[in-house]
Amino acid sequence: VYIARLDTFLGHPTHAQLLVYVAAGFISLVVLANCCMLFSQFLMARYSFRLGGEISTRLYSHYIGRDVLFHNRTNSALLIQRVMRDATTLSSSMIAPALRLNARVFSIVLLSGAIVYVEPLVALTTLLLLGAIYLVIFRVVRGVVYRNGKKISLLGRNRNRLLNESFGGIRDVKLYSLERDYLAKYQVDTKQADRATADNLVLGEFPYFFVEIFVFTGMALLTLYLYTPEAGLGSALPVLTLYALAGVKLVPKVQQSYLAITRIRGAQAAFNFVYEGLRDSVGGESFLEEEAAPLVPRSSIELRDVSFAYDDAPAPVFSNFSVSFAVGRITAVTGSSGAGKSTLLDVLTGLIEPDAGHIVIDGKPLQHDDLPAWRATIGFVPQDVYLTDTTPAENIAFGVAPAEIDMARVQRAAQLAHIHDFIETLPDGYHSPIGERGAQFSGGQRQRIGLARAFYRQVSVLILDEATSALDNATQEEILQSLKQEQSGLTVIMVTHRQETMAIADHVVQLGAESSPECSHADA
Ligand SMILES: Nc1ncnc2c1ncn2[C@@H]1O[C@H](COP(=O)(O)OP(=O)(O)O)[C@@H](O)[C@H]1O
Ligand SMILES: [Mg+2]
């Protein structure tokens, strides 16, 4: 009935016309099928890499959200490796093969179904044998592949660290003549990693050779089995053709599935490393995103009953420690090295959360939600100023988009920090490239840029951690005096060792072995 209808629909075609229709139908089917395949490949590839990218971003967001204590004890090279490499390895060697595996398994099932339908007994034995070969080989190989994968990941991490260390500390490397040592270590690790990578590559191709032997032997045996003297090879030919076709289509697909599985196995080590990070990241994030209006103190900034111990330290740095800083004054904090000066400033800025006690502003304890406002109030200058590989202008207006930099304010800040004249001598002035970590700047110049960075923000509380240690007394005094004139209500809390700096200060806080700080008037 359908054929008759189709016949009518097509206008009663001749035999030749019918052939053309069939051919056209066949061709469009093939085109459609391949278009679908191509499309699904695009989708899968995009999906798997997007997933990898999302994992990488998620890890980055987790790590950058961790507090400074975490970053103090964690090697940054390790974090970079996890965020950049392990996450991408994950998408290219685990998710993509898994998706491809899905598609392959589908066509394997279809093809095998077709063969089993035509010749059940022979087909089933063949499929079982083929499956068995792959299974046995996989069982033997998978341990090796996993170990290699782990090795690749660990060695990659090591190489990353070596590179970071040697480039970061290039002066020490050269002064101690360690170039050869670093190179040798790197070479050893690289060789091992290359070998593991190559081995895993071949182990993925490995069974193909056995299977080829198996398939051809099978064909030969099958020919012998089906051959009868009366009919000659003629009767065996259709079955053999079917097998040859199935073999040509099926074996590569099985092989590709196997390859995908070994890849996944090899990437499992990287996956485990990333997984640790992801598992920790659940709910562990805390970064202050909101911009907040500054919380300007009116009378006093205090630390009240603060206790704090580093995780691995034998003794606490502070126990029940209290101190008060007068608003609008300069307070110097001194004490021997290791007395806890930097830790005090970390607690004061909220970078470290104390085990007990509070930051108290104008008599009101600061809550966690107040931290963005408190951070917007303070400018912090460390002893080692971190310069970004941009320009003096962008370094002074730190974190401000280049188009939004207020150049007049940058210049004013630079003048206050006594670095304006130096910047003017650079080839492009405020827009000269600085180079990585500002290596061509002297210690004093870097400190002045750091001060200018804090001045640009026009904060009301300025915290300096040995931030003027590389400046001479006269410059230091000039900077502080002009700052006081510029901003009358400015509060300065500065850690220093120098007697001369203490003389500029209105108050001195002495951190020492004794439990309570001594507070005295230096100018009294
Ligand atoms: N991240 C840390 N982990 C463990 N101990 C630390 C850490 N940072 C500092 N310490 C220890 O805490 C004490 C105070 O250090 P710090 O505040 O840097 O002293 P200061 O700045 O006065 O020289 C020192 O004994 C130091 O070894
Ligand atoms: Mg210190």
Side-chain angles (χ1 to χ4, degrees), residues 63-79 161 164-165 168-169 280 284 286-287 301-325 330-359 375 378-386 443-444 446-448 450-451 453-454 461-471 476 492-502 504-505 507-520 522:
Y63 289 138
I64 206 174
R66 298 296 298 267
D67 60 13
V68 290
L69 291 177
F70 170 82
H71 286 278
N72 278 347
R73 58 171 188 268
T74 314
N75 186 325
S76 62
L78 180 87
L79 299 183
R161 190 180 51 80
N164 261 317
E165 256 176 42
D280 296 346
S286 68
F287 46 86
I301 301 165
E302 293 171 67
L303 287 183
R304 202 177 277 172
D305 301 325
V306 165
S307 298
F308 177 75
Y310 286 105
D311 275 344
D312 40 5
V317 184
F318 302 113
S319 43
N320 275 322
F321 172 84
S322 301
V323 66
S324 174
F325 303 98
I330 299 179
T331 306
V333 179
T334 67
S336 55
S337 154
K341 303 182 294 296
S342 297
T343 309
L344 173 79
L345 298 186
D346 279 350
V347 171
L348 193 62
T349 52
L351 283 179
I352 289 180
E353 200 176 333
D355 303 329
H358 297 281
I359 304 167
R375 296 239 173 102
I378 52 188
F380 182 87
V381 188
Q383 184 167 14
D384 284 316
V385 177
Y386 181 85
R446 296 163 64 97
Q447 286 195 337
R448 288 176 215 212
L451 289 168
R453 183 182 288 169
V461 179
L462 191 61
I463 298 178
L464 313 176
D465 191 354
E466 311 255 15
T468 51
S469 60
L471 305 182
Q476 182 184 262
V492 179
I493 298 168
M494 57 192 308
V495 164
T496 180
H497 273 120
R498 280 151 74 182
Q499 291 301 321
E500 297 86 349
T501 317
M502 285 182 230
I504 306 171
H507 306 281
V508 175
V509 171
Q510 174 87 37
L511 286 187
E514 58 282 36
S515 53
S516 67
E518 287 170 18
C519 198
S520 65

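In listed order, ligands and their atoms are each counted from 1.
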How far apart are the closest heavy atoms of [X] and [Y], and which atoms are they?
X    : Y    : value
T334 : T496 : CG2-O, 3.0 Å
S469 : Q383 : OG-NE2, 3.5 Å
L464 : A467 : CB-CB, 3.8 Å

Inset, instruction - Record the part of D465 in heavy-atom contact with ligand 1 below 4.0 Å; permitted values are side chain, backbone, both and neither. - result: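 For D465, there is no contact with ligand 1 at all, from either part.
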Legend entry - Sub-4.5 Å side-chain heavy-atom contact between L348 and F325: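 In short, these two side chains touch, coming nearer than 4.5 Å.
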Inset, instruction - Would you mind checking which non-hydrogen protein atom is closest to atom 22 (O) of ligand 1, with the distance to 0.1 Å? - result: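 Ranked first by proximity to atom 22 (O) of ligand 1 is K341 N, 2.7 Å.
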Inset, instruction - Give the residue and atom name of whichever protein heavy atom lies nearest to atom 18 (O) of ligand 1, and the separation in Å to one decimal. - result: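 Residue, atom and distance for the closest contact: S342 CB, 3.6 Å.
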Inset, instruction - Report yes if G340 has an N/O atom closer than 3.5 Å to an N/O atom of ligand 1; otherwise report no. - result: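 Between G340 and ligand 1, an N or O pair is found under 3.5 Å apart.
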Inset, instruction - Would you check the N or O atoms of G338, main chain and side chain alike, for any that come under 3.5 Å of an N or O of ligand 1? - result: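 Min N/O separation from ligand 1 is below 3.5 Å for G338.
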Legend entry - Name of the residue among T349, I301, V381 meeting side-chain contact (heavy atoms from CB on, under 4.5 Å) with I463: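 Only one of T349, I301, V381 forms a side-chain contact (heavy atoms from CB on, under 4.5 Å) with I463, namely T349.
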Legend entry - Candidates V323, V495, L345 - the one meeting side-chain contact (heavy atoms from CB on, under 4.5 Å) with V333: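 Exactly one option meets the side-chain contact (heavy atoms from CB on, under 4.5 Å) with V333, and it is V495.
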Inset, instruction - Below 4.0 angstrom from a heavy atom of S337, which ligand 1 atoms are there? Numbered from 1 as shown, please. - result: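 By the 4.0 Å cutoff, the relevant atoms are 23 (O).
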Inset, instruction - Using a strict 4.0 Å cut-off to heavy atoms of N72, name the atoms of ligand 1 that fall inside it. - result: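 Those qualifying, in numeric order: 1 (N).
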Inset, instruction - Check whether any protein heavy atom sits under 4.0 Å from atom 27 (O) of ligand 1. - result: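 Protein heavy atom within 4.0 Å of atom 27 (O) of ligand 1: absent.
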Inset, instruction - Starting at CD1 of I504, measure out to CD of Q476 and round the result to the nearest 0.5 Å. - result: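 The distance works out to 4.5 Å.
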Legend entry - Distance (rounded to the nearest 0.5 Å) between S336 OG and Q510 CD: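 Nearest 0.5 Å value for the OG-CD distance: 8.0 Å.
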Inset, instruction - Check if G335 has a non-hydrogen atom at a distance under 4.0 Å from any atom of ligand 1. - result: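 Judged by the 4.0 Å heavy-atom criterion, G335 does not count as contacting ligand 1.
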Inset, instruction - For atom 17 (O) of ligand 1, state which one of V333, T343, V317 supplies the nearest heavy atom. - result: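 When every heavy atom of V333, T343, V317 is considered, T343 comes closest to atom 17 (O) of ligand 1.
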Inset, instruction - Going by heavy-atom distance to atom 6 (C) of ligand 1, choose the closest among F308, Y310, F70. - result: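 Ranked by closest heavy atom to atom 6 (C) of ligand 1, first place is Y310.
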Legend entry - S337 N/O/S atom closer than 2.8 Å to the Mg ion (ligand 2):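 No N, O or S atom of S337 is closer than 2.8 Å to the Mg ion (ligand 2), so no.
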